[in-house]
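Notes follow once the structure below has been shown.
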Amino acid sequence: MNQEVTRRHYLDAMGITAWAAKYQLPNALPTEACEWEDSTPAPTPPRERLQALLDDAPAPKRQTSKPHTPESQSPDPLASGEAIASPSAVRALLDQDKQRADKPGQHKPAIANPDTAGPRAEAARPAKPLKFALSCVCLEGRWMVLQAGEMSPLEQQLLANLLQAAGIQRGALPEVSHFTWPQMANAFAVEDPLDEAREGLAAFIAGSASRQGWRLERLLWWGELEAKPDAESGAEQAPLERILNVTEGHSQTLSLPLWQGPSLGSLLDGSHSKRDLWPALQALGQLWAAGAKQTADDH
């Protein structure tokens with residue numbers, strides 16, 4: 001394990017970020033860990049830190065077939081036969097790069113004063129991930145239906161009836177898929193929970209579309225976008241409006257236009273809400289027919 005620590009020190013000195021696995025797959029062996037202290041970035045440039053490590057490294061042993069006279073020695077480590085992996089050879093290469101970089105006429109970028117950076121330079125503290133769940137139904141690979149939480153059988157039947165009445169879906173409703181976030185029981189700490197949730201949802205939709213050959217055109221959102229408490233844990237779920245990043249009827253997270261209707265559960269109570277929804281359903285049916293005609297013309 002000492003070799004791993006040394007390797008990470010060298011990578012850090014050269015300014016190379018060492019990446020490690022963020023998630024542990026089910027039934028997978030845990031990643032080997034070593035004692036590594038997370039510290040703030042050192043103000044010393046990577047070149048000088050690497051030279052300091054090379055100074056501490058022992059010089060490699062060289063095998064010579066015959067003795068060299070002082071006149072035959074060359075100041076260039078490459079010409080003298082010195083191994084390129086030796087610390088002195090690496091230092092010489094770094095010095096040559098430094099001399100070329102310090103030639104007149106080349107301006108170095110301005111470096112911000114770390115004393116004036118203030119709290120902006122402080123690393124973000126890890127936070128708990130956001131929690132939310134979605135039910136998804138794709139209509140003929142074109143429109144994606146979304147609803148928060150689990151979609152009950154009664155809600156699925158009501159959705160099928162509404163889509164059939166609007167002329168959008170003919171026949172049985174496609175299979176409902178579910179998406180929960182975070183997807184692992186042992187929730188991990190993240191620096192930006194909102195961005196992590198958006199990327200997770202976008203990756204789920206993009207992966208499903210790639211596997212099924214969908215060409216999504218629109219989102220149909222049934223329900224409120226505001227946060228609601230979880231029925232099981234009682235904890236407040238994330239506001240889906242922020243996760244979908246809705247701006248003027250468009251989801252920035254999924255890069256699709258979004259139509260929002262009332263929750264399917266509220267439509268189960270009485271007929272007044274269905275009657276009020278009928279004009280919006282007719283408009284959706286016209287959009288569906290126009291999109292189908294455009295797709296047929298393209299083919």
Side-chain angles (χ1 to χ4, degrees), residues 131-181 197-198 201-202 204-205 208-209 212 214-232 236-296:
K131 295 182 60 177
F132 67 96
L134 290 175
S135 296
C136 310
V137 179
C138 187
L139 306 176
E140 298 186 7
R142 294 174 51 198
W143 288 10
M144 176 65 70
V145 178
L146 301 177
Q147 176 178 290
E150 297 284 340
M151 189 181 297
S152 65
L154 288 178
E155 292 175 342
Q156 295 182 30
Q157 185 60 44
L158 174 60
L159 176 61
N161 295 337
L162 294 175
L163 296 177
Q164 289 178 5
I168 298 175
Q169 177 67 27
R170 304 185 184 277
L173 192 70
E175 183 180 359
V176 180
S177 58
H178 304 281
F179 176 77
T180 58
W181 187 264
R198 289 174 175 173
L201 177 59
F204 170 74
I205 298 297
S208 301
Q212 304 296 332
W214 299 339
R215 299 181 63 181
L216 297 178
E217 304 171 0
R218 185 176 298 273
L219 299 175
L220 302 184
W221 174 261
W222 297 90
E224 301 295 335
L225 293 173
E226 289 77 10
K228 288 187 177 181
D230 189 1
E232 297 182 0
E236 188 179 69
Q237 293 193 354
L240 296 174
E241 183 177 7
R242 296 179 58 199
I243 296 175
L244 293 174
N245 198 6
V246 180
T247 304
E248 297 179 355
H250 194 276
S251 173
Q252 305 296 330
T253 301
L254 301 179
S255 301
L256 290 171
L258 182 140
W259 176 90
Q260 182 184 1
S263 63
L264 295 174
S266 63
L267 295 176
L268 293 173
D269 303 331
S271 59
H272 296 285
S273 55
K274 301 184 186 67
R275 191 179 301 111
D276 297 337
L277 182 63
W278 179 242
L281 288 177
Q282 286 182 317
L284 281 179
Q286 295 175 0
L287 289 175
W288 177 268
K293 183 180 178 180
Q294 180 66 29
T295 303

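One is the number of the first residue; the rest follow in order along the sequence.
The distance from atom CG of Leu220 to atom CH2 of Trp143, rounded to the nearest 0.5 Å, is 5.5 Å. One distance of note links CG of Leu162 with CD of Gln169; it measures 12.5 Å at 0.5 Å rounding. Between the CD atom of Gln164 and the CG atom of Leu159 there is a distance of 10.0 Å, given to the nearest 0.5 Å. The CE atom of Met144 sits 6.5 Å away from the CG atom of Leu146 when rounded to the nearest 0.5 Å. Glu140 contributes atom CD, which lies 14.0 Å from atom CZ of Arg215 (distance to the nearest 0.5 angstrom). Note that CD1 of Ile205 and CG of Leu256 are 9.0 Å apart. Values are rounded to the nearest 0.5 Å.
Here the closest heavy-atom approach between residue Cys136 and residue Phe204 is recorded as SG-CE2, 4.0 Å. Here the closest non-hydrogen pair linking Ser266 and Ser273 is O-OG, 3.8 Å. Nearest heavy-atom pair across Met151 and Gln156 is O-NE2, 3.0 Å. Here the closest heavy-atom approach between residue Leu268 and residue Glu155 is recorded as CD1-CG, 4.1 Å. Between Trp214 and Gly141, the shortest heavy-atom contact is CD1-CA, 3.6 Å. Pairing each heavy atom of Leu254 with each of Ala202, the nearest pair is CD2-CA, 3.8 Å.
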Test side chain to side chain contact (heavy atoms under 4.5 Å, CB included) applied to Val246 and Trp221, step by step
CA-CA 11 Å; Val246 180; Trp221 174 261; over 6 Å; no

Given the rule in the side chain to side chain contact (heavy atoms under 4.5 Å, CB included) test, do Leu163 and Leu173 qualify, once you have shown the distances and angles that lead to the verdict?
CA-CA 9 Å; Leu163 296 177; Leu173 192 70; 4.1 Å; yes

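No cation-pi contact links Arg218 to Trp259, judged by a cut-off of 6.0 Å to the six-membered ring centre and 45° from its axis.
Within the 4.5 Å cutoff, no side-chain heavy atoms of Trp181 are placed close to those of Ile243. Within the 4.5 Å cutoff, the side chain of Cys138 has heavy atoms near those of the Leu216 side chain.
Between the Gln147 side chain and the Gly223 main chain, no donor and acceptor come within less than 3.5 Å of each other.
A side-chain contact (heavy atoms from CB on, under 4.5 Å) with Leu134 holds for exactly one of Leu244, Thr180, Leu240; it is Leu240.
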